[in-house]
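Just so we're on the same page: letters track the sequence lines, and every chain starts at 1.
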2 protein chains.
Amino acid sequence: MDYPNDQDPGAPVRSGIPEHGRIPKYYAVKAHIARLVEELGEGGLLPTERDLSEKYEVARETVRQALRELLLEGKLRRQGRGTVVAGPKLEQPLSLASYTEGVRRQGRTPGRTLVSLDRFPCPEPLAAEAGLRRGEPVWHMERVLLADDERVGLESTYVAAGRVPDLDRDFDPDSSFYAYLNDRLGVAFGDADERIETVLATPREALLIGTPPALPMLLIHRISRDTEGLPLERVRTLYRGDRFSFTAHLGG
Amino acid sequence: MDYPNDQDPGAPVRSGIPEHGRIPKYYAVKAHIARLVEELGEGGLLPTERDLSEKYEVARETVRQALRELLLEGKLRRQGRGTVVAGPKLEQPLSLASYTEGVRRQGRTPGRTLVSLDRFPCPEPLAAEAGLRRGEPVWHMERVLLADDERVGLESTYVAAGRVPDLDRDFDPDSSFYAYLNDRLGVAFGDADERIETVLATPREALLIGTPPALPMLLIHRISRDTEGLPLERVRTLYRGDRFSFTAHLGG
């Protein structure tokens, strides 16, 4: 039997340490710091790189690699010039409900900042994917997503201009697009297909969201239809992999 | 209007290049190689690092960083001593159906290799999460998941021994656990809660799955119940982020 009694079933088996073979030195340091992170608790200030390298008797670069992974995983975050223990990842339901609703349900305040709003003839790849006509006018609205004023994601919404002709004039980009469709235009969501994958942030995305480049992100592709089954929108939403997880209830 | 006509709606806006500011050199090279990848098509052999660094007139290390990201993202894969264009990511449905069914539906052959099978008294964290009694005997079965003989994931299943007392004797670990429950024991899945996040592979996981360490993975936590609503299993499944995406149909 090789199972420590306090093992969290969501944690890697054997804390990720191989049965045989060499443990990379940075990983041993990472495991030490991970325990320190648990002791400190959310918001706790981590010792400096220099102090950690003295404490564990390893090179600064070794500590840096361990910290880099813990930052990428969202267990730590930078605050000013220091590094503090991060809170748990947000749990966003995979559902027809909007980003807004999901974030509110977790007691956070959702926000959005407009990056760009363009109108152009629907290109072939978008037409094929979203069930639109090639050449028909479409909007592309790009917004940074916020939770409690923290930038957490980036969303591209493609929607036929015929659906929302006055998007540029009577929609407040810092509000819920779903609420706008529903309350102002009487359009209700019927169903959607989603696909979720992990990708690395591009330099532009990292700049807009304010993350280190190459941070693993969760990317959700969505194609949704209204209650009549007619195409509604094609959305590409990128969420910080260190801040978000997604939940689903299946069957039942 | 700032939208190239052939833009794929699933691709990053402006190919990920910032409107203002400097493009990192490695990223410009990455964008060039990404176009080359599209031209070559699946299975196509990429020129060597040396050839690429001469072609784009950059240092070998710059090419290496670009290739590293394309490998992490699953656009390229190593084959022998060369690097070839990878196929598209597998699309696994988020559903009560098993890994086996999902992989078969994509025309691939599922497989599993047993890493370990242990029996121990249920620890507190597992009892709390999975609705089991602390101290009751539970199995922990750990298996590497395969698709067409390629290692693609690592699964930890925790299940009460009372449910499957003879798991160690009459279950073939290279078969579907769900089929075993259903066909042999008459236990059917009722519903499940899942949570999906992105994590980095630990050294042990990287070794077992055969990936580079710190490859971004998709981690799915599952707690499932039978048709009576009684706890069935707690599963932790790690999928290669460069090989898998997950799909869901919502509402409708």
Side-chain angles (χ1 to χ4, degrees), chain A residues 1-3 5-10 12-14 16-18 21 23-24 27 69 72-73 89 91 94-96 118 120 123 125-126 129-130 140 142 156 158 189-200 202-205 207 214 216 218 221 234 236 241 245-252, chain B residues 1-3 5-10 12-14 16-18 21 23-24 27 69 72-73 89 91 94-96 118 120 123 125-126 129-130 140 142 156 158 189-200 202-205 207 214 216 218 221 234 236 241 245-252:
Chain A
M1 205 229 314
D2 192 14
Y3 189 91
N5 245 352
D6 59 350
Q7 161 89 46
D8 171 348
V13 171
R14 289 180 52 84
I17 296 166
I23 308 166
Y27 191 80
E69 286 203 3
L72 289 181
E73 291 175 333
K89 289 183 182 177
E91 293 188 8
L94 283 179
S95 78
L96 281 182
D118 293 311
F120 49 82
L126 178 58
E129 268 199 20
H140 170 223
E142 191 181 25
S156 271
Y158 302 94
F189 281 84
D191 72 306
D193 285 304
E194 291 201 336
R195 186 160 59 83
I196 184 166
E197 59 178 331
T198 177
V199 297
L200 303 177
T202 67
R204 179 177 181 273
E205 290 162 350
L207 203 66
L218 288 169
H221 304 274
R234 164 62 163 104
R236 177 189 195 275
S245 65
F246 288 86
T247 60
H249 181 76
L250 306 172
Chain B
M1 205 228 316
D2 190 14
Y3 189 92
N5 247 352
D6 58 350
Q7 161 90 43
D8 172 348
V13 171
R14 289 180 50 84
I17 295 167
I23 307 166
Y27 191 79
E69 285 203 1
L72 289 182
E73 291 174 334
K89 289 183 182 178
E91 293 187 7
L94 281 179
S95 78
L96 281 182
D118 294 312
F120 48 81
L126 178 58
E129 268 200 20
H140 170 224
E142 191 181 28
S156 272
Y158 301 94
F189 282 83
D191 72 307
D193 285 304
E194 289 199 338
R195 187 161 58 84
I196 184 166
E197 58 177 334
T198 178
V199 297
L200 302 177
T202 67
R204 178 176 182 274
E205 290 162 350
L207 203 66
L218 287 168
H221 303 274
R234 165 56 162 109
R236 176 190 196 275
S245 65
F246 288 86
T247 60
H249 182 77
L250 307 172

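With a threshold of 4.5 angstrom between heavy atoms, Pro24(A) approaches chain B through side-chain atoms but not through N, CA, C or O. Contact of Phe246(B) with chain A is made through backbone and side chain together, with heavy-atom distances under 4.5 Å. Contacts between Glu194(A) and chain B at a heavy-atom distance below 4.5 Å involve backbone atoms as well as side-chain atoms. Only the side chain of Ser156(B) comes within contact range of chain A, judged by heavy atoms closer than 4.5 Å. Both the backbone and the side chain of Glu69(A) come within less than 4.5 Å of a heavy atom in chain B.
To the nearest 0.5 Å, atom NZ of residue Lys89(B) and atom OG of residue Ser245(B) are 6.5 Å apart.
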**Q.** Criterion salt bridge (charged side-chain N to carboxylate O under 4.0 Å, His left out) on Glu142(B) and Arg204(B), from CA distance to verdict
**A.** CA-CA 13 Å; Glu142(B) 191 181 28; Arg204(B) 178 176 182 274; 2.7 Å; yes
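With sequence neighbours left out, the side-chain hydrogen bond (donor to acceptor under 3.5 Å, both in side chains) criterion links Arg236(B) to Glu205(B). For Glu91(B), there are no side-chain hydrogen bond (donor to acceptor under 3.5 Å, both in side chains) partners at least two apart in sequence or on another chain.
When the candidates Thr198(B), Val199(B), Leu218(B), Leu72(B) are compared by the number of heavy-atom contacts under 4.5 Å with chain A, Thr198(B) comes out ahead. Most heavy-atom pairs under 4.5 Å with chain A, from the set Ile196(B), Leu94(B), Leu207(B): that is Ile196(B).
Under the 30°/60° scheme for interplanar angles, the aromatic rings of His140(A) and Tyr158(A) are found to lie parallel.
Side-chain contact between Ile23(A) and Pro203(B) is absent, with no heavy atoms from C-beta onward closer than 4.5 Å.
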